[in-house]
2 protein chains.
Amino acid sequence: MSNNVDRTVERRLERMRAAVQRAGVKLTHQRLEIFNEIVATGEHPDVDTIYRAVRQRMPTVSIDTVYRTLWMLHDLGLVTTLGPRQDGVRFDANLDPHHHYVCVRCGLVRDFESDELSALEIPAGLTQLGSVVDARVEVRGLCAQCQDAGAPHPTERRSTP
Amino acid sequence: MSNNVDRTVERRLERMRAAVQRAGVKLTHQRLEIFNEIVATGEHPDVDTIYRAVRQRMPTVSIDTVYRTLWMLHDLGLVTTLGPRQDGVRFDANLDPHHHYVCVRCGLVRDFESDELSALEIPAGLTQLGSVVDARVEVRGLCAQCQDAGAPHPTERRSTP
DNA sequence: TTAGGTGCAAATTCTTTGCACCCTG
DNA sequence: CAGGGTGCAAAGAATTTGCACCTAA
């Protein structure tokens with residue numbers, strides 16, 4: 001299985017190299033490391049998480065390069081963002097059709113695949129709103145860890161306390 | 001139909017009044033206006049949009065009150081946030097099971113309902129990850145307006161240009 | 001070689017907090 | 001009337017930008 005993962009990573013890196021060159025932008029170490037970081041982790045990291053991780057291997061990288069690179073990858077269609085917004089974002093390098101399990105408490109997101117869910121029948125009325133590219137299912141719940149940590153009521157708040 | 005909308009709004013406001021009192025927090029004008037704003041518009045506004053709208057009827061309201069009120073409503077379970085994160089958020093006062101159509105270009109979000117989609121079979125393997133509260137379908141595409149505006153390639157950026 | 005990319009530092013923008021006065025219950 | 005709630009102003013974060021040097025092609 002580790003073998004499959006490696007293959008997936010390699011395939012995505014290859015696709016990235018190709019797309020970057022086709023778009024006529026340069027393939028720098030920074031860009032490679034940053035993209036690799038999102039691909040390698042199954043997680044859907046936010047900007048700061050990516051920044052810290054990349055800094056391990058590349059101590060001089062700057063946070064603004066991370067921002068610029070992420071949006072560039074996004075413009076090239078090499079990564080998607082979780083949720084509908086572009087502000088305060090998390091990135092996803094998995095372009096294959098897939099779905100998300102989201103913990104409503106801690107924000108954990110895990111990909112999963114399901115042929116049934118991927119074959120959903122989209123209501124016809126939606127075409128009034130616009131074109132349909134794809135459909136993803138977001139399953140919401142409390143992840144195992146948050147259940148253990150005891151979650152009496154949803155009454156806590158954001159990051160830096 | 002306008003009648004039905006009014007009813008929905010009224011019902012949600014009533015639920016909000018009850019929940020707020022039950023929680024032992026005060027029912028101020030500001031809180032009422034802010035919640036009303038999210039309920040009344042079918043949109044899923046972000047903080048700034050809510051702030052501007054509420055200021056029309058209540059010119060002295062401050063942005064920090066809007067923030068505080070939104071998170072309070074969220075803690076009380078009276079509104080949900082779109083997407084998995086709590087940063088840079090958009091709010092949704094529709095607590096009934098529903099789905100979203102999202103424009104990948106401009107970020108427009110529209111609710112829609114579908115009995116079939118709401119009756120989805122959730123893959124059993126997911127219970128390993130945690131409990132399942134509900135499942136929402138996010139249909140992604142280009143909204144009619146963005147199609148008209150011509151969308152050659154996804155190469156534009158965020159808000160304030 | 002040379003245009004695009006990067007790092008740095010400063011500018012913006014977004015969000016939260018401390019405090020004195022106000023208003024709901 | 002009392003305690004939570006609000007507005008204001010200022011602090012803190014998060015994100016973007018200008019610019020001189022660097023590097024992939």
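Chain letters run A, B, ... following the sequence lines, proteins first, then strands; residues in each count from 1. Since the structure is predicted, the reported quantities are computational estimates derived from the model, not experimental observations.
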Task: Sugar-phosphate only, base, or nothing, as touched by A/L27 at under 4.0 Å among non-hydrogen atoms - done: sugar-phosphate
TODO: Please name all residues satisfying ring-ring contact (aromatic ring centres under 6.0 Å, His included) with A/H100, sequence neighbours left out, ordered by chain then number.
DONE: A/H44, A/H98
Measure from [atom1] on [X] to [atom2] on [N] and round the result to the nearest Å.
X     : N      : atom1 : atom2 : value
B/L32 : D/dG5  : CG    : C1'   : 14 Å
A/H74 : D/dT15 : NE2   : C1'   : 16 Å
A/D48 : D/dT16 : CG    : C1'   : 16 Å
B/I34 : D/dG5  : CD1   : P     : 13 Å
B/Y51 : C/dT15 : OH    : P     : 13 Å
B/I63 : C/dT16 : CD1   : C1'   : 12 Å
B/D75 : C/dT16 : CG    : P     : 12 Å

Open item on the list: Is it the case that the side chain of B/Q21 and the backbone of B/L27 share a donor-acceptor pair, with hydrogens and angles ignored and the cut-off at 3.5 Å?
Closed with: no
TODO: Identify, with sequence neighbours excluded, every residue that meets salt bridge (charged side-chain N to carboxylate O under 4.0 Å, His left out) alongside A/R57.
DONE: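 In terms of salt bridge (charged side-chain N to carboxylate O under 4.0 Å, His left out), with neighbours along the sequence ignored, A/R57 is linked to A/E33.
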Task: salt bridge (charged side-chain N to carboxylate O under 4.0 Å, His left out) partners of A/E113, counting only residues at least two apart - done: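 Per chain and number, A/E113 pairs via salt bridge (charged side-chain N to carboxylate O under 4.0 Å, His left out) with no residue.
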Open item on the list: Using OP1 and OP2 only, check whether a side-chain N or O of B/W71 sits under 4.0 Å from C/dT15.
Closed with: no
TODO: Give a yes/no answer on whether the side chain of B/Y67 brings an N or O atom under 4.0 Å of OP1 or OP2 in C/dT16.
DONE: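 For B/Y67, the contact criterion (side-chain N or O under 4.0 Å from OP1 or OP2 of C/dT16) is not met.
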- [ ] Using a cut-off of 6.0 Å, state whether more than 12 heavy atoms not belonging to B/R11 lie near its atom CZ.
- [x] yes
Partners meeting side-chain hydrogen bond (donor to acceptor under 3.5 Å, both in side chains) with [X] (sequence neighbours left out):
X      : answer
B/T65  : B/S62
B/R68  : B/D64
A/S118 : A/H99

Identify all pairs in which a protein N or O lies below 3.5 Å from an N or O of nucleotides 5-7 of chain C, and state each distance.
residue: C/dG5; atom: OP1; partner: A/R31; partner atom: NH1; Å: 2.8
residue: C/dG5; atom: OP1; partner: A/R31; partner atom: NH2; Å: 3.1
residue: C/dT6; atom: OP1; partner: A/T28; partner atom: OG1; Å: 2.7
residue: C/dT6; atom: O3'; partner: A/Q30; partner atom: NE2; Å: 2.9
residue: C/dG7; atom: OP1; partner: A/Q30; partner atom: NE2; Å: 3.2
residue: C/dG7; atom: OP1; partner: A/T60; partner atom: O; Å: 3.4
residue: C/dG7; atom: OP2; partner: A/S62; partner atom: N; Å: 3.3
residue: C/dG7; atom: OP2; partner: A/S62; partner atom: OG; Å: 3.4
residue: C/dG7; atom: OP2; partner: A/T65; partner atom: OG1; Å: 2.6
residue: C/dG7; atom: N7; partner: A/D64; partner atom: OD2; Å: 3.3
residue: C/dG7; atom: N7; partner: A/R68; partner atom: NH2; Å: 3.0

- [ ] Quantify the bending of the helix from C/dT1-D/dA25 to C/dG25-D/dC1 as the angle between its end axes, each fitted on five pairs, to 10°.
- [x]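 For the helix from C/dT1-D/dA25 to C/dG25-D/dC1, the axes at either end differ by 50°.
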Open item on the list: Does anything in residues 120-129 of chain A form a side chain to side chain donor-acceptor pair (under 3.5 Å)? List the pairs, not counting sequence neighbours.
Closed with: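 Every pair satisfying side chain to side chain donor-acceptor pair (under 3.5 Å) with a residue in residues 120-129 of chain A: there are none.
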